[in-house]
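See below for the structure under consideration.
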Amino acid sequence: MGIPKKGSRKIVIDNHQYRYIVSGNDGHIDLIVESDETNGQRLVVSFDYEPKGIGFSQSHSTQITPETVRKTIVYSLKNNWNPKLKGKIHRINLSGRKEVIENIT
């Protein structure tokens, strides 16, 4: 089952189209990415929220921008994610490792 078209976004990297959604969970944010062209392996990347403020008035500073998505896909492709082949979900936990994505060009 693919990512639903409603509520998801598209991004093109190296002439390949992907579809993604961002989902907040307890303690982290998941970025879920699939090829929009083939029915292949799904990518799930977890990020920290990086809370600001105190108590119940907290706002969260982590933003999953299209540039973050692009960098995450490039990083994942270099680290054994293959969106064109069927397979188990490829999971990457970047909680506490935001610099990994920030340093990708």
Side-chain angles (χ1 to χ4, degrees):
M1 185 169 145
I3 293 175
K5 290 184 181 185
K6 186 174 182 178
S8 65
R9 300 191 71 185
K10 291 182 182 180
I11 189 167
V12 177
I13 299 169
D14 294 331
N15 295 318
H16 189 91
Q17 188 165 286
Y18 300 90
R19 184 172 295 277
Y20 69 93
I21 56 173
V22 178
S23 173
N25 290 305
D26 291 341
H28 65 277
I29 300 170
D30 284 335
L31 169 64
I32 304 162
V33 183
E34 291 179 349
S35 169
D36 200 36
E37 300 172 4
T38 60
N39 188 14
Q41 187 178 37
R42 178 179 278 191
L43 172 66
V44 177
V45 182
S46 297
F47 296 88
D48 285 329
Y49 272 118
E50 297 181 27
K52 287 195 226 174
I54 311 171
F56 293 104
S57 64
Q58 284 185 346
S59 64
H60 300 295
S61 64
T62 299
Q63 295 181 8
I64 306 299
T65 64
E67 181 63 12
T68 303
V69 173
R70 185 193 70 76
K71 288 181 174 187
T72 302
I73 290 171
V74 169
Y75 172 83
S76 301
L77 289 168
K78 290 178 181 178
N79 287 276
N80 301 320
W81 177 49
N82 192 334
K84 296 178 183 178
L85 297 177
K86 287 191 179 270
K88 292 182 181 180
I89 294 173
H90 188 80
R91 294 185 186 276
I92 299 176
N93 185 350
L94 294 178
S95 295
R97 299 176 55 211
K98 187 177 180 184
E99 73 283 353
V100 170
I101 297 302
E102 289 175 346
N103 293 324
I104 295 172
T105 56

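The analysis underlying the following values was restricted to heavy atoms, covering all of them including side chains, and did not include hydrogens, waters or symmetry mates. Every value quoted in this text rests on a predicted model; they were computed, and no experiment measured them.
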Discussion item. Side chain to side chain contact (heavy atoms under 4.5 Å, CB included) for N93 and H28? Distances and angles first, verdict last.
Written reply: CA-CA 10 Å; N93 185 350; H28 65 277; over 6 Å; no
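- Summarising the geometry, atom CZ belonging to F47 is positioned 3.5 Å from atom OG1 belonging to T72; distances are rounded to the nearest 0.5 Å.
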Side chains of residues 81-91: which donor-acceptor pairs under 3.5 Å do they make with residues two or more places apart or in other chains?
residue, atom, partner, partner atom, Å
W81, NE1, Q41, O, 3.0
N82, OD1, K84, N, 3.0
H90, NE2, N79, O, 3.2

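- The two residues I32 and I3 make their nearest non-hydrogen contact at O-CD1, 3.5 Å.
- The minimum heavy-atom distance linking L31 with V69 is given by the pair CD1-CG2, 3.9 Å.
- Residues R9 and V22 form no side-chain contact, since every pair of their non-hydrogen atoms from C-beta on lies 4.5 Å or further apart.
- The shortest heavy-atom contact between P4 and R19 is O-CD, 3.9 Å.
- How far OG of S46 is from CG of L94: 8.0 Å, rounded to the nearest 0.5 Å.
- Nearest heavy-atom pair, P66 versus I11, reported as atom, atom and distance to 0.1 Å: O-CD1, 3.6 Å.
- Residues satisfying the side-chain hydrogen bond (donor to acceptor under 3.5 Å, both in side chains) criterion with S35, sequence neighbours excluded, are H16, T38.
- For the atom pair OH of Y20 and CD of E34, the computed distance is 14.5 Å after rounding to the nearest 0.5 Å.
- A distance of 8.0 Å separates OG1 in T65 from NZ in K71, rounded to the nearest 0.5 Å.
- Here the CD1 atom belonging to I21 is positioned 12.5 Å from the CD1 atom belonging to I64, to the nearest 0.5 angstrom.
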